[in-house]
2 protein chains.
Amino acid sequence: MAESAKTKIDKDDVQALQDTIYVIGGKWKLPIIYSICCGNKRFTDIERSIPGITTRMLSRNLKELEDNMLITRKVDPDFTTIIEYEFTEHAKAYGNLILQMIDWGKQHKQLIIKENRLQKQKTPIF
Amino acid sequence: MAESAKTKIDKDDVQALQDTIYVIGGKWKLPIIYSICCGNKRFTDIERSIPGITTRMLSRNLKELEDNMLITRKVDPDFTTIIEYEFTEHAKAYGNLILQMIDWGKQHKQLIIKENRLQKQKTPIF
DNA sequence: CAGTATCCCTGTGGATACTG
DNA sequence: CAGTATCCACAGGGATACTG
């Protein structure tokens, strides 16, 4: 009984975190979500708004986001070349998180730069 | 001037999001952070608390989190086999985000299950 | 415009064995 | 206890070219 408190954690929570990262993980998911957040709806607009993304990556990631019901893909009934991506209601509950991640990322960058920790990184972020 | 509003997005924000996902991305980072959040401090405790993680993955990810200054590694001056991982102050500002991600992950899971979208996933999460 | 198709490379992660 | 070392598989991602 004198055993030091072995803290257990909720396995469901671990699973939830892994699910979350599975859905929004990878290099492009958050930027794409953010771009749509900002009002971009069409493929080429989203593509142009995100520096460095390729059509292939955009296409794949849009599909995955659609599979995970974060966005919907709508084809214009008259002009089938007009396709618009929009958030689902479910995804909108997520917007706040994104803003926080942006904030956190910026703060983090400042910190890392200030502390001159760049050398220790195998794969520097910046 | 009749051009439809081409929405631009803040490139710095995109970068911040990519930095964030770089730091906390991958399968194990969030679970590890969460485990430490829950009070686990030592290697073996953390390892046991996260289902499926291997020593290799834990070791690597702890090191990366340390490089990114989210945690500190403290060696007991008397017992060098006692090593404790703790959050930096910087990382604590992050706790709230984690709780939100757990929440979101759980909600998302419910939704996906309800909508019977599982079949459409190439790599089912659940 | 809104994507596919190919090819190729790297990094992440898993399995297993070993160590100060 | 707290890790390394090795080997290997696969998915994510980049470059480039092509299409309805």
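As the structure is a prediction and not an experimental result, all values here were calculated from the model.
Judged by distance alone, the side chains of A:Gln15 and A:Asp19 do bring a donor and an acceptor atom under 3.5 Å apart. Using modelled atom types and a 3.5 Å distance limit, the side chains of B:Asp103 and B:Gln107 yield no donor-acceptor pair. Residues B:Thr88 and B:Thr72 have side chains that never bring a donor and an acceptor to within less than 3.5 angstrom of each other.
Taking atom CG on B:Leu58 and atom C1' on D:dA5, their separation rounds to 17 Å, with Å as the unit. Atom pair A:Asn40:CG and C:dA2:P shows a separation of 12 Å (rounding to whole Å applied). Atom C1' of nucleotide D:dA11 and atom CD1 of A:Ile21 are separated by 16 Å, given to the nearest angstrom. Separating the CD1 atom of A:Ile82 from the C1' atom of C:dG3 is a distance of 15 Å, rounded to the nearest angstrom. The distance from atom CZ of B:Phe79 to atom C1' of D:dA2 is 16 Å, rounded to the nearest whole Å. When rounded to the nearest whole Å, the span between CD1 of A:Ile24 and P of D:dG12 equals 15 Å. What separates CG of B:Leu62 from P of D:dT4 is a distance of 10 Å, to the nearest Å. Taking atom NZ on B:Lys41 and atom C1' on D:dC1, their separation rounds to 17 Å, with Å as the unit.
At the phosphate of D:dT4, OP1 or OP2 sits under 4.0 Å from a side-chain N or O atom of B:Lys63. Taking only side-chain nitrogens and oxygens, A:Ser59 never comes nearer than 4.0 Å to OP1 or OP2 of C:dA2. Note on B:Tyr85: a side-chain N or O is less than 4.0 Å away from OP1 or OP2 of D:dG3.
With salt bridges taken as basic N to acidic carboxylate O contacts below 4.0 Å, none links A:Lys63 and A:Glu66. The pair A:Asp13-B:Lys106 meets the salt-bridge criterion, since a charged nitrogen lies less than 4.0 angstrom from a carboxylate oxygen.
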Could you list the protein-to-nucleotides 13-20 of chain D atom pairs, N/O on both sides, closer than 3.5 Å?
from, atom 1, to, atom 2, distance (Å)
D:dG13, OP1, A:Lys27, N, 2.6
D:dG13, N7, A:Arg56, NH2, 2.8
D:dG13, O6, A:Arg56, NH2, 3.1
D:dG14, OP1, A:Lys27, NZ, 2.5
D:dG14, OP2, A:Trp28, NE1, 2.8
D:dG14, O6, A:Arg56, NE, 3.0
D:dG14, O6, A:Arg56, NH2, 3.0
D:dA15, N6, A:Arg56, NE, 3.3

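Listed here is the closest heavy atom pair of B:Ile21 and A:Ile24: CD1-O, 3.9 Å. A:Met57 and A:Asn61 make their closest contact through O-ND2, 2.7 Å (heavy atoms, listed as atom of the first residue, atom of the second, distance).
For C:dC1, the paired nucleotide is D:dG20, the pair qualifying as Watson-Crick or G-U wobble because both relevant distances are below 3.5 Å.
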